[in-house]
Amino acid sequence: VSVMLFALLALEGDLGTAIILVSVMLVLFFLGNARLSHVAVALLVVSTAAGLWVLSSPRRMERVACAMRLDSCSEAANWQTRNAQWAFGSGGATGVGLGRGLQTNQGYLLKAQSDFVYAVVGEQMGFLGSLAVLVAYLALLLVSVSIARDAPDRFGGMVAMGLGVMIALH
């Protein structure tokens, strides 16, 4: 089932969500005491499928290469990543203020509302605001672990852990 969901998401063009979904499933397989050989086979199948999917498109190959080595990419290929870094870095310790980010407001950071929302947080709220977001995610994960531990049945515990890991990974 996890391979089919991964394939459908990948075919839709959303490899990021597909990777998150498979990661959550692998964590749940591990927590559910699945045989490590079964988890390894699932990981191998998904990794192979993802690799073939990336290799099937020059644009995807360039994006993966850029993610691994930003300085080896063309300006067009790393435009979004560089602007996200500039936005995050310009926030300093306390940020430039809510709604005042130059990268965000001037349109340099495309998809700021979804793909690069953490860069917006870094620019507008600075390092301290970004750290607060990370602490909030850690708190959500710890609460999900606590709920999973106190769940009356195994299914409830697995649901709590799955949701907590999914939120933390995003």
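None of the values given here were measured: they were computed from a predicted structure.
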Open item on the list: Are Phe88 and Leu134 connected into the same hydrophobic cluster when the rule is that any two of I, L, V, M, F, W, Y join if their side-chain heavy atoms are below 4.5 Å apart?
Closed with: yes
- [ ] Only counting residues at least two apart or in another chain, list the ones meeting side-chain contact (heavy atoms from CB on, under 4.5 Å) with Phe30.
- [x] Leu36
Open item on the list: On a heavy-atom basis, which atom in Ala151 and which in Gly157 lie closest, and how many Å separate them?
Closed with: CB-N, 3.4 Å
Side-chain donor-acceptor distances from residues 120-129 under 3.5 Å, at least two apart:
residue : atom : partner : partner atom : Å
Glu123  : OE1  : Thr104  : OG1          : 3.0
Glu123  : OE2  : Leu102  : N            : 2.9
Glu123  : OE2  : Gln103  : N            : 2.9
Gln124  : OE1  : Gly99   : N            : 3.1

Open item on the list: Count I, L, V, M, F, W, Y as connected when their side-chain heavy atoms are under 4.5 Å apart, and connections chain through other members. Are Ile20 and Ile167 then in the same cluster?
Closed with: no
Open item on the list: According to side-chain contact (heavy atoms from CB on, under 4.5 Å), who are the partners of Arg154, at least two apart in sequence or on a separate chain?
Closed with: Asn33, Met158
Task: Shared hydrophobic cluster for Leu142 and Leu131 (ILVMFWY, side-chain gaps under 4.5 Å) - done: no
TODO: Taking all heavy atoms of Val54 and all of Met61, pick out the closest pair and write down the distance.
DONE: O-CG, 3.2 Å
- [ ] Please name all residues satisfying side-chain contact (heavy atoms from CB on, under 4.5 Å) with Leu163, sequence neighbours left out, ordered by chain then number.
- [x] Val159, Met166
TODO: Please say which of Leu26, Leu44, Val27 ends up in a side chain to side chain contact (heavy atoms under 4.5 Å, CB included) with Val39.
DONE: Leu26
- [ ] Answer yes or no: is there a donor N or O on one side and an acceptor on the other, between the side chain of Tyr118 and the main chain of Ser130, under 3.5 Å?
- [x] yes
Task: Residues in side chain to side chain donor-acceptor pair (under 3.5 Å) contact with Ser47, at least two apart in sequence or another chain - done: none
Task: N/O donor-acceptor pair under 3.5 Å between Ser90 side chain and Ala87 backbone - done: yes
Open item on the list: If I compare all heavy atoms of Ala148 with all of Met161, which pair ends up nearest, and what's the gap?
Closed with: CB-CG, 3.5 Å
TODO: Please report the closest heavy-atom contact between Val24 and Gly162, naming both atoms and the distance.
DONE: CG1-O, 3.8 Å
Task: Distance in Å, Leu9 CG paired with Ile19 CD1, rounded so as to fall on 0.5 Å steps - done: 10.5 Å
Task: same_hphob_cluster(Ile147, Leu28) at 4.5 Å side-chain heavy-atom cutoff - done: no
Task: Cluster link Tyr137 to Leu141, ILVMFWY, side chain under 4.5 Å - done: no
TODO: Return the set of residues passing side chain to side chain donor-acceptor pair (under 3.5 Å) with Thr48 (not counting sequence neighbours), or none when no residue passes.
DONE: none
